[in-house]
Amino acid sequence: MSLNLALIGLGANLSSSAGSPAHSLRFALRLISREAGLTLASVSKIYLTAAFPAGSGPDYANACAALRTSLSPDEVLGVLHRIEAEMGRHRDGTRWGARPIDIDLLAMGDTIAPDAAVHDGWRTLPLEKQMQTAPDRLVLPHPRLQDRAFVLIPLSDIAGGWRHPRTGLTVHQMLERLPTGDRAGIRVLLDISPDVDQVTGSALSDSNR
């Protein structure tokens, strides 16, 4: 069975059925690890980050994880959405709203979906339009991954060498390109996996390259 690398981002700034935001992230990871076809390979520290836009809600707990999976991207996304629903998340189209759990599929190895042109269009969309519209299909890698310190900082814990298939930049390089101010306010909330291993696509099969 061939395995692909899936990178996910988790966030919460409201209590869920599992408890506080940090507890919600840990509980979501536990549920993910029990899913058939998904193996939890590595988990970042949990970080505390300010809600966006400023003043829109309590601070977020954020983390990232690497999974080994035999599932397709759409199947992985379906599992993540089901776990969100089980924990009380209702996807109503609200952009950047407070939420008890949010689990994003950030990347699947070198997969570009649905195609390069669509991905480039969403990735370069101005921020003001990002706040008003969302893709009607799965776009991989996540089109705003390179702009978000609260994703890149935890992702650098576990997959700093992963390279964006459209820009050619590694996670470390994308993080270095962010304004210092974007990174300054993000701090470790909980080190839940102090001996994390760096995971890269090269450690898995070439089936998604």
Sequence neighbours left out, what pairs pass salt bridge (Lys or Arg N to Asp or Glu O under 4.0 Å) with at least one residue falling in residues 171-183?
-> none
Can you pull the salt bridge (Lys or Arg N to Asp or Glu O under 4.0 Å) pairs that have at least one residue in residues 162-172, sequence neighbours excluded?
-> Asp120-Arg166
Return the set of residues passing salt bridge (charged side-chain N to carboxylate O under 4.0 Å, His left out) with Glu86 (not counting sequence neighbours), or none when no residue passes.
->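 For Glu86, the residues satisfying salt bridge (charged side-chain N to carboxylate O under 4.0 Å, His left out) (neighbours in sequence not counted) are Arg82.
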Quick one: ring-ring contact (aromatic ring centres under 6.0 Å, His included) partners of His142, sequence neighbours excluded?
->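 Partners of His142 by the ring-ring contact (aromatic ring centres under 6.0 Å, His included) criterion come out as none, since no residue qualifies.
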Partner set under side-chain contact (heavy atoms from CB on, under 4.5 Å) for [X], not counting sequence neighbours:
X	value
Thr39	Arg68
Ala113	Thr111, Leu140
Leu48	Asp59, Arg187, Leu189
Pro154	Ser44, Tyr47, Cys64

Under the ring pair (Phe, Tyr, Trp, His ring centres under 6.0 Å) rule, what pairs show up with a residue in residues 2-34, not counting sequence neighbours?
-> none
Does the side chain of Leu5 come within less than 4.5 Å of Trp162's, by heavy atoms?
-> yes
Would you mind listing the cluster partners of Leu14? Hydrophobic ones only (ILVMFWY), side-chain contacts under 4.5 Å, chaining allowed.
-> none
Kindly give the cluster partners of Trp122, where membership spreads through any ILVMFWY side chain lying under 4.5 Å from a current member.
->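 Traced through the cluster, Trp122 reaches Val118, Leu125, Val139.
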Tell me, please, which residues at least two apart from Ser72 pass side-chain hydrogen bond (donor to acceptor under 3.5 Å, both in side chains).
->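 Partners of Ser72 by the side-chain hydrogen bond (donor to acceptor under 3.5 Å, both in side chains) criterion, ordered by chain and then number, come out as Glu75.
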